[in-house]
Amino acid sequence: MRKAILCLLLMVCSAAHADSFQYPLEPQAVAPDTYVLEGKTEDFSRTNGGFIVNTGYIVTDNGVVVIDSGPSKRFGEQQRALIEETTGKKVIRLYLTHHHPDHFLGNQAYENVPRYALPASKQGMQAEGENFTSNLYRMTGDWMRGTSVVLPDKEAKAGTETIGGHELETIALSGHTPGDLALFDHTTGVLFSGDLVFNNRAATTPHADIDAWLKSLEKLQSLPFKVIVPGHGKVAQDKVPIEQTRDYLQWLMTTLKEGAANGLDMNEVMQTPMPERFKSVALAHSELQRSVSHLFPTLETDSLKPAKQAE
Ligand SMILES: [Zn+2]
């Protein structure tokens, strides 16, 4: 009986929570003028409404610069309202780190703000945005109500620009996707890496080029940053998240290549035991399965090709 009442209470509470569709947005100060809204290290669900991603903002003398608009229209609206209410300043610019849906589907809230992205990201949003939207609707439900694709309207170019007293460097990279934009604030030492870096959350690879990704990590590692805001997972004050992401990607590639060379099939590679050091990484097992399905078929075909004749 007691159990039944508890179940009923839980159902009522979660229904009430879902009805309000309020994302739990709590600005975390990570450096002077710099805040992060940290998402959960989970997969998309009807409970988290897609808030599984980190977005950030920099409060400059001229107004606020936002990094990524989140997974839905509701998110973008709540994010912008929170920023403008707590800072008393207007948002003057939005940067989109890449074309994955959890990072840009809040764009509707920023239709009257310049929205910067790399050309490859814009292309990806154009080509896949509608599919992403219906997929997220399926996974998170009504949190997505009214969400549609709003594209970036400005091209982000590599270079440095001072905005309201903050010297911001935009860095054009790739590897997680064909267009990955990192933003480095030289004034505060904060690096927004987008999804080139994951912290204690397994990297996702549906559009990955692992070799390019590893090169981009080298570039990020060489920057004199004090704080790093990864695309997913906790903010850090050291290079550990970069090293962990590199370690994971290298292990993943070795596992896949060895599997292909040894003639394993996809299911067998998916059963590869997780090394001890990745066991505490969120979603390591499910992301391995997804990565095998994304990356293994190409490697398998490569390993079946006859070795190139010596000339
Ligand atoms: Zn991503």
Side-chain angles (χ1 to χ4, degrees), residues 36-45 48-56 66-72 75-76 94-107 115-133 135-136 139-140 144 147 149 151-152 156 171-183 191-210 212-217 220 228-235 241-242 244-246 248-249 252 281-284 286-291 293-295:
V36 171
L37 303 172
E38 184 192 312
K40 287 195 156 41
T41 47
E42 297 174 352
D43 214 341
F44 296 109
S45 77
N48 61 40
F51 183 25
I52 60 158
V53 56
N54 295 338
T55 65
V66 176
I67 299 100
D68 283 342
S69 62
S72 68
F75 185 96
L94 170 65
Y95 283 105
L96 301 159
T97 57
H98 64 296
H99 83 281
H100 283 163
D102 43 336
H103 298 262
F104 85 92
L105 283 178
N107 281 7
R115 302 175 300 281
Y116 286 77
L118 293 172
S121 302
K122 182 175 178 176
Q123 267 170 28
M125 292 171 196
Q126 220 155 5
E128 299 190 72
E130 292 305 331
N131 269 344
F132 286 156
T133 311
N135 249 340
L136 275 202
M139 288 189 281
T140 68
M144 291 293 291
T147 302
V149 175
L151 293 174
I171 309 166
L173 298 166
S174 67
H176 173 66
T177 65
D180 293 301
L181 183 72
L183 194 73
L191 172 64
F192 291 89
S193 68
D195 279 9
L196 288 168
V197 180
F198 284 71
N199 190 8
N200 269 319
R201 195 271 192 218
T204 62
T205 60
H207 300 93
D209 171 339
I210 306 283
W213 194 336
L214 292 169
K215 278 201 194 94
S216 294
L217 289 178
L220 294 182
I228 181 166
V229 182
H232 300 262
K234 294 240 172 278
V235 174
I242 298 182
Q244 187 192 48
T245 304
R246 175 190 297 117
Y248 178 79
L249 293 175
L252 180 65
V281 171
L283 302 178
S286 54
E287 290 301 346
L288 171 65
Q289 311 231 326
R290 293 175 64 199
S291 290
S293 68
H294 301 140
L295 303 171

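Counting convention: from 1, in listed order, for ligands and their atoms alike. The shown structure was predicted, so the numbers you read here are calculated from the model rather than taken from an experiment.
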Among the N/O/S atoms of D195, which is closest to the Zn ion (ligand 1)? Give the atom name.
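The Zn ion (ligand 1) is closest to the D195 atom OD2, counting only N, O or S.
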
What N/O/S atom of H100 is the closest to the Zn ion (ligand 1)?
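Closest to the Zn ion (ligand 1) among those atoms: ND1.
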
Decide, counting backbone as well as side-chain atoms, whether H103 has an N, O or S atom less than 2.8 Å from the Zn ion (ligand 1).
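Of the N, O and S atoms in H103, none lies under 2.8 Å from the Zn ion (ligand 1), which means no.
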
L191 side chain reached by V197 side chain, heavy atoms, under 4.5 Å:
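Counting from C-beta outward, V197 and L191 never come under 4.5 Å.
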
Can you tell me if S121 uses its side chain to pair, donor with acceptor, with the backbone of G179 under 3.5 Å?
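It does hold such a pair.
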
Let's go through T205 and S291 carefully: what are the C-alpha distance in whole Å and the side-chain angles of both, what is the deciding distance for side-chain hydrogen bond (donor to acceptor under 3.5 Å, both in side chains) to 0.1 Å, and is it a yes or a no?
CA-CA 6 Å; T205 60; S291 290; 2.8 Å; yes

Between H100 and H176, is the gap from one ring center to the other below 6.0 Å?
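When the ring centroids of H100 and H176 are compared, they turn out to be within the sub-6.0 Å range.
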
